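Predicted model, so just to flag it, every value in this text is computed and none were measured.
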Amino acid sequence: IFCPDYRKPPHHPFPAPVQDICSVYLALQGKVADNVFIGGDSAGGNLALAATQKLIQAGVPMPAGVPVLSPWTDPGDITSLSWKEYAGIDFIPSAQALA
């Protein structure tokens with residue numbers, strides 16, 4: 001397991017963290033086992049997905065996997081039916097997501 005110390009907001013806003021994760025991933029390619037994963041939870045899950053999207057756009061070899069746990073992707077979109085369906089049990093109320 002390798003956990004890079006990437007630049008973080010607010011001092012280093014997007015896309016700095018994504019660039020750092022992509023740079024680390026590319027540096028690890030060919031130097032360690034071929035099964036490099038990029039993963040994270042919550043905001044880290046979003047970062048893992050954004051970095052993978054950047055790697056796809058660059059046309060480089062893909063990670064062996066992208067495990068994400070509850071990725072924080074778009075909490076501002078409260079038009080999804082799941083916001084209404086799970087309103088009684090969701091730990092993030094829709095009003096808080098818009099804040």
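- A heavy-atom distance below 4.5 Å is found between the side chains of Pro67 and Phe37.
- Side-chain atoms of Pro17 and Lys8, non-hydrogen and from C-beta on, never get closer than 4.5 Å to each other.
- Checking side-chain atoms of Tyr25 against main-chain N and O of Ala51 turns up no donor-acceptor pair under 3.5 Å.
- With a 4.5 Å cut-off on side-chain heavy atoms, Ser42 and Pro71 do not count as touching.
- The two residues Ala48 and Gly40 have their closest heavy-atom pair at CB-N, 4.2 Å.
- Hydrophobic clustering (side-chain heavy atoms under 4.5 Å, transitive across Ile, Leu, Val, Met, Phe, Trp, Tyr) groups Leu26 together with Leu47.
- A continuous path of ILVMFWY side-chain contacts below 4.5 Å connects Leu55 to Val18, so both sit in one hydrophobic cluster.
- In terms of heavy-atom proximity, Pro10 sits nearest to Pro13 at O-CD, 3.8 Å.
- At a threshold of 4.5 Å between non-hydrogen side-chain atoms, the residues Leu49 and Val68 count as touching.
- Shown are Ile21, Leu28, Asp20; of these, the side-chain contact (heavy atoms from CB on, under 4.5 Å) with Val24 is made only by Leu28.
- Atoms CG and CZ, from Asn46 and Phe14 in turn, are 8.5 Å apart once rounded to the nearest 0.5 Å.
- Using a 4.5 Å cut-off between side-chain heavy atoms of Ile, Leu, Val, Met, Phe, Trp and Tyr, with links allowed through other members, Val36 and Tyr6 fall into the same hydrophobic cluster.
- Dense packing is recorded around CD1 of Ile56, with more than 12 heavy atoms of other residues, nucleotides or ligands lying under 6.0 Å away.
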